[in-house]
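Quick caveat: nothing in here was measured; it's all calculated off a predicted structure. Along the sequence shown, residues are numbered consecutively beginning with 1.
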Amino acid sequence: MSAYTRLMDGLYLLCMLVAALALMIMVTVIPIGIFARYVMNGALSWPEPVAIICMIIFTFIGAPVGLRAGTHICVSMMTDRLSPAAQRLLLRLCDLLMIITCLVIFQASYSLCEAMWVQTLASLPAVSYGEMYLPIPIGALFTLLFVIERLLTGDQSQRPIVTLGGTH
């Protein structure tokens with residue numbers, strides 16, 4: 001196993017942990033907001049932006065986990081009927097297209113973060129919009145690293161560390 005794969009194993013576990021924590025916080029915060037509004041008759045200003053931030057973190061930090069584990073949504077009805085050589089060729093093409101997509105998303109989201117860095121959220125003034133959107137370029141970078149790993153070392157979805165979550 002290469003040093004790069006070991007590094008990606010650590011990044012994979014970190015992404016899984018961060019995405020899980022974001023999901024747990026979001027699932028906790030939303031009922032608090034509902035309870036405060038409808039039972040206590042006093043709406044809180046912070047649960048909605050916190051839930052949105054957690055959803056952004058969960059989505060863009062969790063997506064690389066799904067890509068590496070091979071649990072992302074895919075339609076393989078046509079490719080399953082191709083020869084193994086044609087399937088490998090299309091997989092490489094998809095990886096190259098993913099690299100382009102990651103680079104475009106990284107560039108656009110980095111520019112967005114940079115432009116919005118000083119504008120704070122009205123209901124959560126300690127956080128700026130740039131900070132809120134920061135998981136997008138980070139997630140694009142992590143996804144890019146996992147695609148590069150797949151190009152260099154092949155599919156990682158059947159390794160024990162990747163099947164740790166029992167998604168297969």
Legend entry - Shortest non-hydrogen contact between Pro47 and Gly33, atoms and distance: CG-CA, 3.8 Å

Inset, instruction - Flag the pair Ile56 / Ile61 as yes when at least one side-chain heavy-atom distance between them is below 4.5 Å, and no otherwise. - result: no

Legend entry - Ser157 versus Ala69, closest heavy-atom pair with distance: CB-O, 3.2 Å

Inset, instruction - For residues Ile100 and Leu96, determine if any side-chain heavy atom of one lies less than 4.5 Å from a side-chain heavy atom of the other. - result: no

Inset, instruction - Identify the two heavy atoms, one from Met26 and one from Ala51, that lie closest to each other, and give their separation to 0.1 Å. - result: SD-O, 3.7 Å

Legend entry - Common cluster, Ile34/Ile32, ILVMFWY with side-chain heavy-atom separation under 4.5 Å: no

Inset, instruction - Taking the side chain as every heavy atom from C-beta outward, state whether Arg150 and Leu67 have any pair of such atoms under 4.5 Å apart. - result: yes

Inset, instruction - Report yes if the side chains of Ile136 and Phe106 come closer than 4.5 Å at any heavy-atom pair, otherwise no. - result: no

Legend entry - Derivation and outcome, side chain to side chain contact (heavy atoms under 4.5 Å, CB included), residues Leu93 and Leu89: CA-CA 6 Å; Leu93 177 64; Leu89 177 68; 5.8 Å; no

Inset, instruction - Output yes when Asp155 and Arg68 qualify as a salt bridge under the 4.0 Å nitrogen-oxygen rule, no when they do not. - result: no

Inset, instruction - Identify the heavy atoms of Ala19 and Gly62 that sit nearest to each other, and give their distance. - result: CB-CA, 3.8 Å

Inset, instruction - Please round to the nearest 0.5 Å and tell me the distance separating atom CD1 of Ile105 and atom CG of Leu141. - result: 12.0 Å

Inset, instruction - Determine, using the 4.5 Å side-chain heavy-atom cutoff (strictly less than), whether Leu13 and Met8 are members of one ILVMFWY cluster. - result: yes

Legend entry - Distance, nearest 0.5 Å, that separates CG of Leu7 from OG of Ser2: 9.0 Å

Legend entry - Side chains of Ser111 and Gln107, donor plus acceptor under 3.5 Å: yes

Legend entry - Common cluster, Ile25/Tyr133, ILVMFWY with side-chain heavy-atom separation under 4.5 Å: yes

Legend entry - Nearest-0.5 Å distance that lies between atom CG in Leu91 and atom CE in Met98: 11.5 Å

Inset, instruction - Determine, for Arg92 against Asp95, whether the closest basic-nitrogen to carboxylate-oxygen distance falls under 4.0 angstrom. - result: yes

Legend entry - Audit row: Phe60, Ile138, side chain to side chain contact (heavy atoms under 4.5 Å, CB included) steps and yes/no: CA-CA 8 Å; Phe60 289 96; Ile138 292 171; over 6 Å; no

Inset, instruction - Please round to the nearest 0.5 Å and tell me the distance separating atom CE of Met24 and atom CZ of Phe58. - result: 12.5 Å

Inset, instruction - Could you list the residues that satisfy side-chain hydrogen bond (donor to acceptor under 3.5 Å, both in side chains) with Gln156, not counting sequence neighbours? - result: Thr153, Arg159

Inset, instruction - Nearest 0.5 Å please: distance from the CG atom of Asp80 over to the CD atom of Gln87. - result: 6.0 Å

Inset, instruction - Please examine the side chains of Leu134 and Trp117, heavy atoms only from C-beta on, and report whether any two atoms are closer than 4.5 Å. - result: yes

Legend entry - Audit row: Tyr129, Thr120, side chain to side chain contact (heavy atoms under 4.5 Å, CB included) steps and yes/no: CA-CA 6 Å; Tyr129 279 98; Thr120 60; over 6 Å; no

Legend entry - Derivation of the side chain to side chain contact (heavy atoms under 4.5 Å, CB included) call for Leu17 and Leu21: CA-CA 6 Å; Leu17 176 69; Leu21 286 173; 4.1 Å; yes

Legend entry - Gap between atom CD of Glu149 and atom OG1 of Thr5 - 0.5 Å precision: 4.5 Å

Inset, instruction - Could you pull out the closest heavy-atom pair between Ala22 and Cys54, with the gap in Å? - result: O-CB, 3.3 Å

Inset, instruction - Spell out, yes or no, whether Ile57 and Val27 are grouped together once hydrophobic residues are joined by side-chain heavy atoms under 4.5 Å, including indirect joins. - result: no

Inset, instruction - Give a yes or no on this: more than 12 heavy atoms of other residues, nucleotides or ligands lie within 6.0 Å of atom CD of Glu131. - result: yes

Legend entry - Beyond-backbone contact of Cys15 with Leu11, side-chain heavy atoms, under 4.5 angstrom: yes

Inset, instruction - Treating Ile, Leu, Val, Met, Phe, Trp and Tyr as nodes and any side-chain heavy-atom pair under 4.5 angstrom as an edge, say whether Leu97 and Val104 lie in one connected cluster. - result: no

